[in-house]
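Have a look at the structure below, then the notes.
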Amino acid sequence: MTALNYGIKIVKAGKSITSSDLRDIIMSSKFTMLKQHSTSTGSATFNPKDTTKYVDFTHNLGYVPFFLAYMSCSSMEDGKERMIPGYTWASFPASGDESITGFSNAYANSSIVRCSLNLTNPYNQIKILYDQLYWEFWSGDAGIVVGNAGGGGKSTAYRFPAVPLTKNQSITEANMEIKNVFSGDGAANTKYTVYGIDEDNVGDVDIDKARTDAYDNREQSKVSGCFNFGTDCLDQVREIIARNNWASGNNMGFIIKENGSDSGSFIDGFDGTTAELTVVKSGTMVVTFRVIIFKDKIL
Amino acid sequence: MGDWGAKVTIDGKGVTSTEPRDYAFNSLYALVKIFQEGSGTVTVANNSFATVTIDHNLGFIPIAIAFCENVPSSGNFYVGAYASIFTDSTLLSGLTSMDSYVTTTQLVLVFYNNSGASRNLRYNYRIFADDGS
């Protein structure tokens, strides 16, 4: 018995059912079509310093289904849904026009579809490397970060360029880390005070510039070998960005002032010494994923 | 010329609806037809690329989509490429990714493995008899 070529074919208006161009066909029983199983949305919240969030969508199909996924973020790119996978960037006008970048991915297995967004930098955290350092020399070209190497205390000043904080922006953390330093010979702690430089947009830095009212007295214990040390400067940063003429993109400066260290107690620097300012801003971002799951099987 | 055609609505919706989403089928709208589908496994040496070429010969650049199990035996099939600039813990021991492109005759899948060892990667694809125009 010969099988007959039964079926249904519907073509676009003005096209022939004998057309060899498959795009002319609206529907044909020769071709299967994707059959929708569900459409779901789910959200996750990025808090400051978060880098990764994901949402799982349960499908209960018992096999790996065909799916499509999209994502959008609150407060950015209103009205847009980006296809997943993707490389995502966006700007936050309220935060100094800085951009964020991230990578979105999605996979399905026999029980869930997982959508994720990985940011390349922690959310709402900015890091700025210093671009200018003023320090007092001990002997030759050996610079002292802070302390008393003998013959009186030494201090330093640092400038951080183009700080992307708006005037009076809400921040929750600020920390300055001095990297690649050594302890002096003395066993006692090195005592120092951290000030901000009380200027709107710092030019060349030195240790005699006007200081913020906010300051912190700190001590650093002796450490063997090369080390980094960090110091909180939240109040100083808040005071600087509250200045009348502070604007996003201005330079910000700090002074680490010697504060009565014993002779021989100091923190020594060299050419490889650097400084980094880290600030954490307030606010959250909600990422919303949308997943269309089909009954068609991948595996 | 009359307003001829065929349409089937989903449960609870009227055939007079002007909302496309109310229709299971409507000859007013083109449907995306699966022209070709398939799957396979490709062995990708560490720090290497491997290419899988699938002929379709449609004569136009079709809609296509592919999935890849980036981590062997994980059962997790990523849609499209795995996007990253860094090694992600979800990929266990390293980065494996898939890129793809379509021509008028072929779907090409390009796999990359930087996991530290050879990997057998499973993939699955759909090619549609439509170009989205």
Side-chain angles (χ1 to χ4, degrees), chain A residues 8-15 20-36 39 51-52 54 63-70 83-88 101-120 291-292 294 296-299, chain B residues 1 3-8 10 21 24-39 56 58-60 62-63 65-71 74-86 88-91 97-99 122-133:
Chain A
I8 297 172
K9 183 187 286 185
I10 300 172
V11 296
K12 295 177 180 175
K15 302 294 182 181
S20 60
D21 189 336
L22 298 179
R23 292 171 292 184
D24 292 343
I25 300 171
I26 291 176
M27 192 206 84
S28 168
S29 53
K30 184 179 178 183
F31 301 110
T32 62
M33 293 174 284
L34 295 175
K35 296 160 285 293
Q36 191 170 333
T39 300
T51 55
T52 300
Y54 65 83
Y63 55 82
V64 184
F66 186 103
F67 71 98
L68 298 171
Y70 302 83
M83 294 181 71
I84 296 176
Y87 171 71
T88 303
T101 57
F103 294 85
S104 59
N105 287 288
Y107 69 74
N109 58 33
S110 58
S111 58
I112 62 164
V113 172
R114 173 170 291 183
C115 298
S116 63
L117 176 63
N118 297 300
L119 302 181
T120 52
V291 173
I292 301 103
F294 297 86
D296 301 73
K297 184 187 291 189
I298 290 177
L299 185 71
Chain B
M1 185 176 176
D3 182 23
W4 291 350
K7 49 189 174 183
V8 178
I10 59 177
R21 288 174 294 184
F25 168 76
N26 188 331
S27 57
L28 189 61
Y29 310 119
L31 299 175
V32 179
K33 306 168 289 290
I34 298 172
F35 172 72
Q36 188 175 333
E37 59 185 291
S39 60
H56 61 73
L58 281 166
F60 57 87
I63 300 170
I65 195 163
F67 300 83
C68 179
E69 187 187 39
N70 290 321
V71 178
S74 67
N76 299 330
F77 280 76
Y78 282 82
V79 59
Y82 179 82
S84 179
I85 59 168
F86 43 73
D88 190 287
S89 59
T90 59
L91 292 179
S97 190
M98 178 186 70
D99 197 3
R122 291 192 292 177
Y123 60 88
N124 183 290
Y125 65 89
R126 298 283 194 287
I127 300 170
F128 299 91
D130 299 276
D131 60 5
S133 62

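A note on names: the letters A, B, ... follow the listed sequences, proteins ahead of strands, and every chain is numbered from 1. Predicted model, so just to flag it, every value in this text is computed and none were measured. Excluded from the calculations below are hydrogen atoms, water molecules and symmetry mates; all remaining heavy atoms, backbone and side chain alike, are included.
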Taking it one step at a time, do B:Phe67 and A:Phe66 satisfy ring pair (Phe, Tyr, Trp, His ring centres under 6.0 Å)? CA-CA 9 Å; B:Phe67 300 83; A:Phe66 186 103; 5.2 Å; yes
Criterion side-chain contact (heavy atoms from CB on, under 4.5 Å) on A:Leu299 and B:Arg122, from CA distance to verdict: CA-CA 10 Å; A:Leu299 185 71; B:Arg122 291 192 292 177; 3.4 Å; yes
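- A pairwise comparison of heavy atoms in A:Phe67 and B:Phe77 identifies CE2-O, 3.8 Å as the closest pair.
- Closest of all the heavy-atom pairs between A:Ile26 and B:Asn26 is CG2-O, 4.4 Å.
- Contacts between A:Leu68 and chain B at a heavy-atom distance below 4.5 Å involve the side chain alone, from C-beta outward.
- Both the backbone and the side chain of A:Ile298 come within contact range of chain B, each with at least one heavy atom under 4.5 Å from a heavy atom of that chain.
- By number of non-hydrogen pairs under 4.5 angstrom with chain B, the leading residue of A:Lys35, A:Lys297, A:Gln36 is A:Lys297.
- Counting all heavy atoms, side chain and backbone alike, B:Asp130 lies closest to A:Arg23 at CA-CG, 4.2 Å.
- With rounding to the nearest 0.5 Å, the separation of CG in A:Asn105 from CG in B:Asn76 is 11.5 Å.
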List the steps and the verdict of side-chain contact (heavy atoms from CB on, under 4.5 Å) for B:Val32 and A:Leu34. CA-CA 8 Å; B:Val32 179; A:Leu34 295 175; 5.5 Å; no
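- Ranked by heavy-atom pairs under 4.5 Å with chain B, the list A:Val64, A:Ile25, A:Ile10, A:Val113 is led by A:Ile25.
- Neither the backbone nor the side chain of B:Ser39 comes within contact range of chain A; no heavy atoms are under 4.5 Å apart.
- Open room surrounds OH on A:Tyr54; 12 or fewer heavy atoms of other groups in view lie less than 6.0 Å from it.
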With side-chain contact (heavy atoms from CB on, under 4.5 Å) as the test, would you mind laying out the steps for A:Asp296 and B:Glu37 before giving the verdict? CA-CA 11 Å; A:Asp296 301 73; B:Glu37 59 185 291; 6.0 Å; no
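- When each of A:Leu22, A:Val11, A:Asp21 is scored by its heavy-atom pairs under 4.5 Å with chain B, the top score falls to A:Leu22.
- Contact count versus chain B (heavy atoms, under 4.5 Å) is highest, among A:Ala108, A:Ala69, A:Ser20, for A:Ala108.
- The two residues B:Ile34 and A:Met33 have their closest heavy-atom pair at CD1-C, 4.1 Å.
- Although no hydrogens or angles enter the test, the distance criterion places no donor-acceptor pair under 3.5 Å between the side chain of B:Lys33 and the main chain of A:Ser28.
- Only the side chain of B:Phe128 comes within less than 4.5 Å of a heavy atom of chain A; its backbone N, CA, C and O stay farther away.
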